[in-house]
Amino acid sequence: MPSITVNKKGLHEYQVLEKFEAGIVLSGPEVKSVKGGQINLKGSHVTVDHKNEVWLLNAHISPYKFASRTQIGYDPTQSRKLLLTKKEVDYLRGKSKEQGLTIMPISVYTKGSLIKIEIGLVKGKKQRDKREDIKKRDLERQLRNKIRR
C-alpha cells in the first residue's frame, strides 16, 4: 500500500486508540489530484451525522490542473463522504460521543486502483507525552546512526 499522505501534525497531537480503513467518495478530477499527491489532511476531522453517514471535513484537495471547465466553482475543502460498514459507523458514533475522544484521518493511500483513507479513534496527548515521544524518536535516530557506522 503506497501511502499518498500522512497527517503528521495530527499524529503528534493525538494518541491513536483504534484504526479503521474507509473508502472515500471523490469525483474524477479529485481522484487524479489525490493520486498526484495534492491532498492535505492538516486540520481535518471526521464526523458521523444524524443519518449515520460518515463525513471527512476540511481536507484540502487541490483542483486538478488538467481538468476542463467541470471544476468551475470547485471548493477544495468541501465535505466528502466516507464509506464504512454499518457496524463500524455505529461503533464510531457511540465512541465519538464519549468525553475526550474524536475521529481523525490518519493517512490516505492506494489499494490496487482504489483510494483508501485510514481514520482513527484518537485521544488528545498531554504536553509531557509529546515531549516523551520526541525524546524517544531522537534516541531511536541516534541508535540507527550508530549502527550504520
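FYI, the numbering just counts along the sequence from 1.
- A 4.5 Å side-chain heavy-atom check between N40 and T5 finds every atom pair outside the cut-off.
- The local environment of NZ in K125 is crowded, with over 12 non-hydrogen atoms from other residues, nucleotides or ligands closer than 6.0 Å.
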query = Can L101 and K123 be said to form a side-chain contact (heavy atoms from CB on, under 4.5 Å), step by step?
reply = CA-CA 5 Å; L101 296 181; K123 181 179 178 182; 4.0 Å; yes
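- Contact check on R141 versus D138 returns a salt bridge, with a Lys/Arg side-chain nitrogen under 4.0 Å from an Asp/Glu carboxylate oxygen.
- Not a single donor-acceptor pair under 3.5 Å links the side chain of S33 to the backbone N or O of P29.
- In this structure, the side chain to side chain contact (heavy atoms under 4.5 Å, CB included) partners of Q142, at least two apart in sequence or on a different chain, are L139.
- Checked by atom type and distance alone, the side chain of N7 pairs as donor or acceptor with a backbone atom of P105 at under 3.5 Å.
- Considering only residues two or more places apart in sequence or on other chains, K81 meets the side-chain hydrogen bond (donor to acceptor under 3.5 Å, both in side chains) condition with E53.
- By the neighbour-count criterion of 12 heavy atoms within 6.0 Å, atom CZ of F20 is densely surrounded, having more than that number from other residues, nucleotides or ligands.
- Between E30 and I61, the shortest heavy-atom contact is O-CG2, 4.2 Å.
- Taking the charged nitrogens against the carboxylate oxygens, K86 and D90 do have a contact shorter than 4.0 Å, which makes a salt bridge.
- Atom NZ of K126 is separated from atom CD of E132 by 12.5 Å, given to the nearest 0.5 angstrom.
- Residues I103 and V48 are in side-chain contact: their nearest non-hydrogen atoms beyond the backbone lie under 4.5 Å apart.
- Put simply, NZ on K42 and NZ on K8 are 12.0 Å apart, with the number rounded to the nearest 0.5 Å.
- Minimum heavy-atom separation, G23 to I117: O-CG2, 4.4 Å.
- In plain terms, the two heavy atoms of S3 and Y109 that are nearest each other are CA-CB, 3.8 Å.
- Ion pairing between K95 and E18 fails under the 4.0 Å rule for side-chain N and carboxylate O.
- The closest side-chain heavy-atom distance from I119 to L84 is below 4.5 Å.
- Put simply, OG1 on T110 and NZ on K116 are 11.0 Å apart, with the number rounded to the nearest 0.5 Å.
- The side-chain hydrogen bond (donor to acceptor under 3.5 Å, both in side chains) search around R144 returns none, not counting sequence neighbours.
- Clustering ILVMFWY residues whenever any of their side-chain heavy atoms sit less than 4.5 angstrom apart, transitively, puts V16 in a cluster other than the one holding V46.
- A donor-acceptor contact shorter than 3.5 Å links the side chain of R93 to the backbone of D49.
- One distance of note links CZ of R80 with OG of S44; it measures 10.0 Å at 0.5 Å rounding.
- With a 4.5 Å cut-off on side-chain heavy atoms, E13 and M104 do not count as touching.
- I106 and V54 end up in different hydrophobic clusters when Ile, Leu, Val, Met, Phe, Trp and Tyr side chains are linked at under 4.5 Å.
- To the nearest 0.5 angstrom, L92 atom CG is 12.5 Å from K97 atom NZ.
- Residues L26 and L83 fall into different hydrophobic clusters, defined by Ile, Leu, Val, Met, Phe, Trp and Tyr side chains chained together at heavy-atom separations under 4.5 Å.
- Of the inter-residue distances, the one linking H45 atom NE2 with W55 atom CH2 reads 13.0 Å to the nearest 0.5 angstrom.
- The backbone N or O of I115 sits nowhere less than 3.5 Å from a side-chain atom of K35 that would complete a donor-acceptor pair.
- Partner of V6 under the side-chain contact (heavy atoms from CB on, under 4.5 Å) criterion, chosen from L11, L41, V108: L11.
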